[in-house]
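Report on the structure given below.
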Amino acid sequence: TIEDLVRRSLSESDNTAHFMLVRNLEMEEVQDVYDHMGLPGFLKTEGSLSAKKYSVIFRALHNSSYLTEDNSQKLLLYLANSSFDDYIQTALPKDIVFSHKIGIDGNKKVYLDSGIVYIPNRPYILTVMTKNKDEQKSKEIMANVSEKVYNYISTYSD
């Protein structure tokens, strides 16, 4: 089903599912989504995004600014069930929900993890991207940044 393809594309980073979805859409529909999220010309950039642009996508999902609230929540749930937990999530407590997506370009040595950390009453978006580092060093950097941000936000009081 389409829903299964969406789930596989998001939870499992299944590129086959992603391409099956995109193949059945009109390019104008796909471009409309990117334009609405502030990503004009995305299709011409071979799908590469800056860390800031990843954060914009998660903000749109969190605020339900493009999709309905129910559909946004469904996508965030799929992203929370990702099997990739060895980047930012490494430094988060096990009971904290993290809806995220990773991006890897091994040829360019670019590693990214971006998502929403659901601290009760204080959810925040965190995106960490490394370049020209090997994967292990990238994982260490992401865990370090994640730990520092989590510790700061979880102890911050009004």
Side-chain angles (χ1 to χ4, degrees), residues 5-19 21-22 30-31 33-67 69 71-154 156:
L5 291 172
V6 170
R7 182 192 57 74
R8 286 176 185 229
S9 177
L10 297 176
S11 297
E12 302 168 19
S13 285
D14 184 333
N15 286 335
T16 302
H18 170 76
F19 291 125
L21 284 168
V22 173
V30 175
Q31 189 60 53
V33 172
Y34 292 130
D35 289 348
H36 182 82
M37 289 201 200
L39 303 171
F42 175 73
L43 295 175
K44 296 175 186 168
T45 64
E46 298 176 9
S48 62
L49 290 175
S50 68
K52 182 177 181 179
K53 295 297 185 179
Y54 266 90
S55 297
V56 167
I57 292 169
F58 277 96
R59 184 177 63 208
L61 285 171
H62 181 72
N63 293 332
S64 303
S65 62
Y66 184 74
L67 300 173
E69 186 174 347
N71 286 329
S72 290
Q73 290 304 310
K74 185 179 285 191
L75 294 183
L76 288 167
L77 179 63
Y78 293 156
L79 291 164
N81 290 319
S82 170
S83 57
F84 301 97
D85 61 358
D86 51 354
Y87 292 93
I88 287 175
Q89 195 163 2
T90 303
L92 299 174
K94 298 296 180 212
D95 63 331
I96 297 296
V97 174
F98 181 47
S99 293
H100 69 114
K101 186 79 173 110
I102 64 160
I104 297 172
D105 186 334
N107 294 331
K108 294 180 181 178
K109 291 189 171 184
V110 175
Y111 298 90
L112 173 133
D113 196 356
S114 180
I116 304 170
V117 179
Y118 287 96
I119 292 180
N121 302 316
R122 292 193 187 281
Y124 62 91
I125 295 172
L126 179 60
T127 301
V128 181
M129 179 184 280
T130 65
K131 186 175 181 181
N132 296 323
K133 307 276 188 243
D134 65 37
E135 186 173 18
Q136 187 55 42
K137 183 65 176 170
S138 295
K139 288 178 181 182
E140 292 169 13
I141 291 168
M142 289 184 197
N144 188 327
V145 170
S146 177
E147 180 178 34
K148 285 180 167 63
V149 173
Y150 176 83
N151 288 339
Y152 177 79
I153 293 189
S154 65
Y156 180 81

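Remember, it's a predicted structure, so these values are computed and weren't measured experimentally.
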Sequence neighbours excluded and cut-off under 3.5 Å, please list the side-chain donor-acceptor pairs for residues 97-106, or say none.
residue: Ser99; atom: OG; partner: Leu76; partner atom: O; Å: 2.7
residue: His100; atom: ND1; partner: Asp113; partner atom: OD1; Å: 2.7
residue: His100; atom: NE2; partner: Phe84; partner atom: O; Å: 3.1
residue: His100; atom: NE2; partner: Gln89; partner atom: OE1; Å: 3.4
residue: Lys101; atom: NZ; partner: Ser13; partner atom: OG; Å: 2.6
residue: Asp105; atom: OD1; partner: Asn107; partner atom: N; Å: 3.2
residue: Asp105; atom: OD1; partner: Lys108; partner atom: N; Å: 3.2

To the nearest 0.5 Å, what is the distance between [atom1] on [X] and [atom2] on [Y]?
{"X": "Ser154", "Y": "Arg122", "atom1": "OG", "atom2": "CZ", "answer": "9.5 Å"}
{"X": "Leu79", "Y": "Leu10", "atom1": "CG", "atom2": "CG", "answer": "4.5 Å"}
{"X": "Phe19", "Y": "Asp14", "atom1": "CZ", "atom2": "CG", "answer": "10.0 Å"}
{"X": "Tyr124", "Y": "Ile119", "atom1": "OH", "atom2": "CD1", "answer": "4.5 Å"}
{"X": "Leu126", "Y": "Ser146", "atom1": "CG", "atom2": "OG", "answer": "6.0 Å"}
{"X": "Glu12", "Y": "Arg7", "atom1": "CD", "atom2": "CZ", "answer": "5.0 Å"}

If we only count heavy atoms from C-beta on, is the Tyr152 to Val149 side-chain gap below 4.5 Å?
no
Taking the side chain as everything from C-beta on, heavy atoms only, tell me whether Tyr66 gets closer than 4.5 Å to Ser72.
no
Could you list the residues that satisfy side-chain contact (heavy atoms from CB on, under 4.5 Å) with Asn81, not counting sequence neighbours?
Ser11, Leu77
Considering only residues two or more places apart or on different chains, which pairs with a residue in [range] satisfy salt bridge (charged side-chain N to carboxylate O under 4.0 Å, His left out)?
{"range": "residues 124-136", "answer": "none"}
{"range": "residues 76-95", "answer": "Asp86-Lys139"}
{"range": "residues 73-84", "answer": "Glu3-Lys74"}

Quick one: do Val110 and Thr130 satisfy side chain to side chain contact (heavy atoms under 4.5 Å, CB included)? Show the steps, please.
CA-CA 6 Å; Val110 175; Thr130 65; over 6 Å; no
Could you check Glu140, Glu147, Lys148 and say which one makes a side-chain hydrogen bond (donor to acceptor under 3.5 Å, both in side chains) with Asn144?
Lys148
Report all side-chain donor-acceptor pairs from residues 55-65 shorter than 3.5 Å, counting only partners two or more places apart or in another chain.
residue: Ser55; atom: OG; partner: Ala51; partner atom: O; Å: 3.3
residue: Ser55; atom: OG; partner: Thr127; partner atom: OG1; Å: 2.7
residue: Asn63; atom: ND2; partner: Arg59; partner atom: O; Å: 3.4

Write down the atom of Tyr111, the atom of Tyr87, and the distance for their closest heavy-atom approach.
CD2-OH, 4.0 Å
